[in-house]
Structure formats: structure tokens, C-alpha cells
Amino acid sequence: MVTTTPERAEVPPPLAVPPHEVAPDLLMHRAFVNTYALRTPDGLLLVDPGLLRNARSVYEAVRAWSPAPLRTAVYTHGHVDHAFGLGAFLEAGERPAVVAQELCVQRFRRYRLTHGLNNHINRRQFGNPAITFPEEFIWPTLTFRESLVQQLGGEEVQYHAAKGETDDHCFVWIPERRYLFTGDLILWVAPNCGNPQKVQRYPAEWADALERMAALDADWLFPGHGYVVHGREAVRTVLTDTARYLRVIVEQVLTRLNAGDTPEAIFHAVEPDPVLATRPYLRARYDHPKFIVRNLLRLWGGWWDGNAANLLPATWEAQAREIAALAGGVESVVARGRRLLEAGDLALAAHLAEWATRAAPEAAEAQRFKRDVYARRLEATEALMAQGIFRAAMNDARAALGEAPQPPAGPATL
Ligand SMILES: [Zn+2]
């Protein structure tokens with residue numbers, strides 16, 4: 001799981017690899033998320049304990065590798081795939097300091113408030129109705145605002161706060177070894193900072209953090225997901241390319257906002273850098289660059305989309321019935337939609353599918369059209385965040401037709 005030539009790495013990275021020593025004194029456990037254990041003169045440092053369901057597997061891998069006591073565990077951020085795998089260590093009687101940026105505590109409180117919502121979001125996002133969002137937390141015991149320096153048996157460990165995928169992010173820097181743990185500030189896909197169903201994310205601050213990390217001149221980069229990167233130039237390239245990818249989008253959005261363009265016009269106009277977008281570590285396999293545009297519009301502006309009719313609108317159903325009546329009936333909407341679908345205009349065809357099924361939800365022909373539109377949209381996008389929503393829409397239509405839902409082909413890889 002190490003690459004020295006990230007620009008030629010295979011995509012996607014292997015889903016799971018057996019736990020192994022990936023760098024001197026460093027164990028890697030990979031199961032969707034990467035968990036690392038570092039051997040220091042004063043016991044172990046665990047970076048991102050991982051998913052609740054893998055807690056046992058992480059514990060057993062670490063204990064098969066080293067008997068040294070667990071001194072510190074750090075959450076690079078409070079997401080479910082990073083901060084919920086510590087339980088087996090605690091059950092075994094270990095009492096590590098649990099380090100996190102201070103906003104991680106607020107995140108866990110919000111997770112309590114919005115537990116039902118997070119179940120819905122994650123089930124839709126991953127196409128898995130069995131997902132249950134965790135309700136129990138292993139709270140940080142040592143938090144910091146800007147940075148924290150720890151000595152583990154004479155080995156200096158630095159924790160630096162950042163914003164990016166979340167507001168509670170941090171990266172870990174071990175200067176003597178030149179080891180950099182980035183959390184999800186590097187995750188081997190286009191930065192996940194546009195997610196359509198989740199809270200605010202921070203593209204410009206994400207780029208700031210990447211540039212700060214690039215200035216460290218690390219020899220090793222240990223990401224939250226995907227390949228470990230080895231070699232000073234390789235590490236710098238991954239960090240600065242990712243920062244540039246974000247800057248290109250941020251600058252376009254800001255320029256257009258300041259010029260008075262509408263959110264709608266900005267959404268359609270802004271594109272990522274076409275060369276950077278093909279890099280193996282920047283492919284839009286998870287989030288989508290257009291969603292980053294939306295997220296920036298939300299960050300800097302209000303929720304109004306620039307269309308005055310949408311300020312205090314009629315219901316979607318009332319609009320759809322009006323459109324269907326103008327078209328001469330739902331059958332005409334479906335017939336026209338089918339022609340658009342055949343011609344490959346999937347975006348426009350999807351609007352017609354929504355109008356048809358909202359005007360006449362009981363019309364099987366309309367539901368079949370909707371099902372077929374979203375099956376095609378699902379197939380046509382590489383971005384998991386878009387796939388999840390398209391799959392849910394397709395399955396809504398299948399349910400209306402009495403058909404079984406269609407699950408994803410395989411597990412998600414990052
Ligand atoms: Zn993650």
C-alpha cells in the first residue's frame with residue numbers, strides 16, 4: 001500500500017490488505033479507512049482507530065504486532081469511519097489519552113441531536129438500509145484549539161488543527177521521522193467537500209492546510225484512505241496538486257460571486273482543472289466538483305438560488321401538474337422524456353421524470369420512466385455521492401412499481 005509514483009498509482013486502491021508494517025515502526029490496518037499504530041519509546045500512538053465494526057480487528061492486528069501499551073489515540077476528525085474503533089482497547093483495560101481537535105466534542109453532540117437524520121443520510125449515500133449511525137461515543141480526553149505537542153519517550157508528536165472535510169480536522173506531524181498523517185485531508189479521491197447531504201465543508205481552508213503540510217517537507221504521507229506516499233517530491237506533489245485543485249474551484253466561484261452572477265449560473269460555469277482532475281488521487285470517484293461549487297455558494301451566500309419564483313414557491317406537485325397539463329397529459333411528458341433519454345440527455349430527462357411522477361405518482365408508465373432514467377444516471381456517474389441519491393430515486397420508483405430495491409454492486413472503496 002505504498003506508492004513512490006502517485007501520478008501512476010492504480011485506481012481504485014485495493015479495498016483491503018492484511019495489516020502490515022508499512023514504514024519503520026508503523027503498522028497499517030486498512031479496511032475502507034486506514035488506521036495506523038506507531039511504536040514510540042513510550043508505547044504506541046494510534047492514529048484513527050477506525051469504524052466501530054472493525055474495532056476487534058484493529059485491536060487484534062495491533063496486539064499481534066506489539067505488546068507495548070497504548071499511550072495515545074488520536075482522531076484526525078470525528079467521522080464514523082475514523083473515531084469509533086477504540087472500544088476493544090478500552091475493554092482490554094488500556095487507558096490511552098484520546099486526542100482530538102476541540103470541535104470534535106461539538107460534532108459528537110450534534111450526532112446525538114441528529115441521529116435519525118444521519119441514519120437516513122448514510123443509508124441513502126451508501127445504498128445500504130442496514131446502516132445504523134453510532135449513538136455511543138468514546139469522547140476525547142485531551143483536546144486542543146490550534147496545536148498540541150506531545151513527547152512520547154522523547155519522540156515529539158505534533159497535532160495541528162485544520163478545516164476541510166470537517167471543522168474538527170487535524171493532521172499529525174512527527175518531525176524526527178518526517179512522518180505526516182493527513183487524515184482525510186488526503187483521501188485518494190477529489191476532496192470530499194461538496195457532499196450534498198451533509199453539513200458545511202471548507203474548501204479554501206482545506207487548501208490552506210494542504211499548503212501548510214507541503215511546507216513540512218515530509219518523507220512519508222499516511223492518508224486517511226488510499227495509498228501511503230513515500231518520497232519527498234511525491235508527497236509534495238500530492239499535497240500541492242490537491243491544494244491547486246481546490247484553489248481553481250474556489251477562485252472561480254469567488255470571482256463570479258463578486259461579479260454578481262447568480263448561483264445557478266455559477267454552478268453551470270465552474271469546472272475543475274481538467275489535467276488535475278485525471279490524477280489518480282483526484283478522480284471524482286466519491287464527491288463531485290460541482291458539489292464543491294454548491295458548498296461554496298452555501299458558505300458565502302444565502303440559500304436563495306437566484307430564481308424569484310423559488311423564493312416562496314408553489315409545491316413541486318402543483319408545478320408538475322401544471323407542466324403536465326400544458327404538455328397535454330403525463331403521457332406526453334413521459335414520451336418526450338423517453339426521447340431525451342434515448343438521445344443521452346440524462347439531466348433533462350430526469351427533470352421530466354420528476355414532473356411525470358409528481359403529477360401522477362400512480363401512473364406506472366411514469367414510474368417506469370423514472371426508474372430507467374435514474375438507472376442510467378447511476379451508471380453514468382463515477383461519484384459515489386451522486387450514485388447514492390440516483391440509486392435512492394431509482395429504488396423509490398421500483399417501490400412504487402412493486403419491484404425489489406437494487407443494492408450497489410459492491411462495497412465502497414476509498
Ligand atoms: Zn474518512
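Please read these numbers as outputs of a predicted model, since none were measured by experiment. All ligand and atom numbering here is 1-based and tracks the order in the structure.
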Exercise answer: donor-acceptor pairs, residues 347-357 side-chain atoms, under 3.5 Å, sequence neighbours excluded:
{"residue": "Glu354", "atom": "OE1", "partner": "Arg358", "partner atom": "NE", "Å": "3.1"}
{"residue": "Glu354", "atom": "OE1", "partner": "Arg358", "partner atom": "NH2", "Å": "3.1"}
{"residue": "Glu354", "atom": "OE2", "partner": "Tyr374", "partner atom": "OH", "Å": "2.6"}
{"residue": "Thr357", "atom": "OG1", "partner": "Ala353", "partner atom": "O", "Å": "2.7"}
{"residue": "Thr357", "atom": "OG1", "partner": "Glu354", "partner atom": "O", "Å": "3.4"}

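Under the 4.0 Å criterion applied to side-chain N and carboxylate O atoms, Arg338 and Glu342 are not assigned as salt-bridge partners. Between Arg112 and Glu135 there is no salt bridge, since no side-chain N of the basic residue sits under 4.0 Å from a carboxylate O of the acidic one.
Note that CH2 of Trp220 and CZ of Arg177 are 11.5 Å apart. Values are rounded to the nearest 0.5 Å. Atoms CG and CZ, from Leu239 and Arg236 in turn, are 9.5 Å apart once rounded to the nearest 0.5 Å.
Just one of Asp184, Thr166, Asp168, Asp48 meets the side chain to side chain donor-acceptor pair (under 3.5 Å) condition when paired with His77; it is Asp184.
Excluding waters, the count of protein N/O/S atoms less than 2.8 Å from the Zn ion (ligand 1) comes to 4.
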